[in-house]
A.B. asks: 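This is the structure I want to talk about, given as structure tokens.
Worth saying up front: this structure is predicted, and the values here are computed from it rather than measured. Each chain gets a letter, A, B and so on, in the order the sequences are listed, and its residues count up from 1.
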Amino acid sequence: MAEHNSATNAADIPSAAQHDAPDIIQVEGMHKWYGEFHVLRDLNLSVRRGERIVICGPSGSGKSTFIRCINRLEEHQQGKIIVDGVELTDDVRQIDSVRREVGMVFQHFNLFPHLTVLENCCLAPVWVRKVPRKEAEQTAMEYLERVKIPDQAHKYPGQLSGGQQQRVAIARALCMKPKIMLFDEPTSALDPEMIKEVLDVMIELAGSGMTMLCVTHEMGFAKTVADRVIFMDGGEIVEQGPPKAFFSNPREPRTQKFLEQILQH
Amino acid sequence: MGGSVMKPPVSRLAPVQWIRQNLFSTWYNTLLTLAVGWLLVTSVVPVFDWLIFGATFSGDGPGDCVGKGACWLFINQRLNFFIYGFYPDAEQWRVDIMFALLALSFVPQFIDRFPGRTWFGLFGLTGLPLCGYILIPGGWFGLEPVDSSKWGGLMLTLVIAYVGIIASLPIGVLLALGRRSEMPIIRGLCIVFIEVWRAVPLITVLFMASVMLPLFLPEGMNFEKLLRALIGITLWQSAYMAEVIRGGLQAIPRGQYEAASALGLGYWRRMGLVILPQALKLVIPGIVNTFIALFKDTTLVLIIGLFDVLGAVQSTVTDPAWQNVATEGYVFVAFCFWVFCFGISRYSQNLERKLDTGHKT
């Protein structure tokens with residue numbers, strides 16, 4: 001797979017992971033079933049504050065389902081998920097309090113088509129965080145500038161290109177000032193020439209010390225920004241490690257096969 | 001061609017060319033055009049003769065209707081009854097105010113550049129029913145009470161239709177949300193409500209409300225026939241409305257629900273700010289269809305003895321003083337209904353155009 005990153009090597013972005021602070025995400029012995037189908041098997045993961053994790057794996061390996069469990073878009077049936085000290089249970093208030101602190105970027109952007117770009121960005125801060133509208137708009141414009149589309153603020157999502165929409169989606173999530181950002185295949189629905197503009201924004205974000213969990217097939221991105229790469233297959237975490245070791249000498253045969261397939265061309 | 005701007009080819013024809021190309025291109029097309037033209041002329045001319053050229057518009061009484069055309073004099077003389085029913089003459093200004101407010105709320109909606117027209121529309125949905133509640137029955141602020149049995153004509157039609165429309169939309173939204181709820185009891189109740197009310201003809205609902213309901217109510221606890229009819233129509237209508245809106249809710253992609261959830265919006269905000277604005281916009285044609293159907297169904301109140309515009313006309317065309325005025329009466333009723341239903345339809349198209357944000361993802 002082509003490397004779209006503007007950054008040239010892994011040393012570009014120093015790790016921001018904090019070793020002394022308590023883990024911001026803890027997943028312990030987590031299982032999930034869809035009906036009879038066992039999608040996630042005994043997942044264990046600790047994420048440090050400021051850590052950047054890339055999750056990869058073949059399609060159907062459960063990687064998207066896994067990160068969707070972290071803000072409870074999917075429900076897990078067994079085990080524990082603790083996000084910033086709050087355990088995810090059936091309690092709606094706890095779920096909403098976790099969701100306030102966890103931003104998410106989707107494969108298909110999921111912008112609200114009936115609202116302008118600016119309104120998309122202000123909606124949650126105004127209604128959830130109770131930020132005054134003026135202030136929310138100011139913050140939104142700052143983030144739109146950061147993702148380099150302040151001039152599109154008053155357009156509707158339907159008038160933007162895929163890459164622009166995805167950058168708005170990132171800005172929208174950031175406007176809530178989340179502690180964690182989840183990316184669910186953020187570049188998979190984009191035309192090749194638009195992938196770079198989105199990855200550039202994500203790389204810039206990584207440099208700011210945000211805790212990031214990213215499901216992606218962009219191995220160049222993983223090499224540049226990840227502190228840790230996790231390989232999933234068949235609903236399990238097969239292997240994980242720092243990108244250098246992960247890409248240069250993967251231990252598990254399944255990982256080797258996967259990397260061969262995607263790095264071939 | 002380097003650098004020059006290419007224009008799309010012009011495809012519009014001059015009228016004469018268009019006629020020649022489309023109506024008289026071959027001998028049989030010419031024949032068809034002439035035949036259809038002849039039919040149109042021979043059928044339209046008598047209609048206009050009857051409606052306008054040979055019609056009687058003014059005069060003193062039945063004796064003046066001697067022309068071959070329609071006797072609009074009849075409508076003219078009975079107009080007061082057709083519009084207000086038995087509403088006392090001295091109090092009719094109250095109804096006139098309501099007509100004026102109705103026009104004030106909705107006419108600006110057709111003028112794109114009208115300043116603050118949204119506020120006029122909002123008034124139509126909130127202030128207008130409130131004004132009607134105070135003005136029409138009276139009894140407040142020294143207004144003389146007018147019993148609802150005296151209401152009638154077009155005014156009664158509008159009251160029933162307006163209450164039915166305004167009240168059924170929010171109830172329909174709640175029922176639609178309830179039917180998609182994850183809570184089994186709420187979902188079950190909503191399904192039962194919708195399926196029961198939707199499966200019953202409106203005539204039956206009205207009949208039950210006016211005849212059977214009083215039998216079950218305790219002695220002395222009897223409220224007005226009109227109010228019972230209004231409640232019946234509203235509940236019946238909201239069951240229909242719920243299903244139309246549910247169609248819209250189901251058309252919203254799952255990603256919209258997820259994105260709203262992921263931002264931490266709770267259930268009501270998720271629905272109110274993200275899902276419903278999109279869903280309602282999608283089903284405007286369906287909602288309007290239901291409104292128009294309700295508007296015309298209000299004529300059924302005739303069977304429980306309420307005199308709406310159709311009932312008022314029907315009761316007067318049999319007046320022996322006037323001969324053969326039934327056609328004029330029913331044409332008038334048809335015209336009244338057409339004006340309002342066409343108005344609703346135009347307004348909805350206007351709304352659709354205004355709300356279009358060019359997304360079809």
A.B. asks: Going from CG on B:Leu263 to CZ on A:Arg100, what distance comes out if it is rounded to the nearest 0.5 angstrom?
C.D. replies: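 Between B:Leu263 CG and A:Arg100 CZ, I get 12.0 Å after rounding to 0.5 Å.
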A.B. asks: Keeping A:His114 on the side-chain end and B:Leu273 on the backbone end, is there a donor-acceptor pair under 3.5 Å?
C.D. replies: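 Checked: pair present.
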A.B. asks: Heavy-atom pairs under 4.5 Å with chain B are the metric here; pick the option from A:His108, A:Met176, A:Met104, A:Arg172 that has the most.
C.D. replies: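 The residue among A:His108, A:Met176, A:Met104, A:Arg172 with the greatest pair count is A:Arg172.
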A.B. asks: Over all heavy atoms of both residues, which pair between B:Gln256 and A:Phe112 is shortest? Give the atoms and the distance, please.
C.D. replies: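 Of all heavy-atom pairs spanning B:Gln256 and A:Phe112, the closest is OE1-CD2, 3.1 Å.
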A.B. asks: Answer yes or no: does atom CH2 of B:Trp119 have more than 12 heavy-atom neighbours from other residues, nucleotides or ligands under 6.0 Å?
C.D. replies: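 No, CH2 of B:Trp119 has 12 or fewer neighbouring heavy atoms, counting only those of other groups under 6.0 Å.
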A.B. asks: Please check if atom CD in B:Glu182 has more than 12 non-hydrogen atoms from other residues, nucleotides or ligands closer than 6.0 Å.
C.D. replies: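 Result for CD/B:Glu182: open.
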A.B. asks: Between A:Glu74 and chain B, which part of the residue has a heavy atom less than 4.5 Å away: side chain, backbone, both or neither?
C.D. replies: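 The side chain, not the backbone.
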A.B. asks: Quick check: are there more than 12 heavy atoms from other residues, nucleotides or ligands sitting under 6.0 Å from NZ of A:Lys134?
C.D. replies: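 Counting neighbours around NZ of A:Lys134, 12 or fewer heavy atoms of other residues, nucleotides or ligands fall under 6.0 Å, so no.
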A.B. asks: By a 4.5 Å heavy-atom criterion (distance strictly below it), what part of A:Leu111 contacts chain B: side chain, backbone, both, or neither?
C.D. replies: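 The answer is the backbone of A:Leu111.
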A.B. asks: Taking atom CZ of B:Arg346 as the centre, does the number of heavy atoms from other residues, nucleotides or ligands within less than 6.0 Å exceed 12?
C.D. replies: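 Incorrect, the count does not exceed 12.
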A.B. asks: If I measure from the heavy atoms of chain B, does A:Arg68 come under 4.5 Å with its side chain, its backbone, both, or neither?
C.D. replies: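 A:Arg68 touches chain B through side-chain heavy atoms alone.
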A.B. asks: Between B:Leu265 and A:Asp96, is any pair of side-chain heavy atoms under 4.5 Å apart?
C.D. replies: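 With C-beta onward as the side chain, the pair stays apart.
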A.B. asks: When you measure from the side chain of A:Asn110 to the backbone N and O of B:Ala259, does any donor-acceptor pair fall under 3.5 Å?
C.D. replies: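 No.
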A.B. asks: May I ask you to check whether over 12 heavy atoms, not counting those of B:Tyr133, lie within 6.0 Å of atom OH?
C.D. replies: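 Result for OH/B:Tyr133: open.
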A.B. asks: Checking side-chain contact (heavy atoms from CB on, under 4.5 Å) against B:Val274, which of A:Leu115, A:Leu123, A:Asn120 comes through?
C.D. replies: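 Result for side-chain contact (heavy atoms from CB on, under 4.5 Å) with B:Val274: A:Leu123.
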A.B. asks: Measure across A:Leu73 and B:Ser261 and return the closest heavy-atom pair with its distance rounded to 0.1 Å.
C.D. replies: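 Nearest pair, atom of A:Leu73 first, then B:Ser261: CD2-CB, 3.9 Å.
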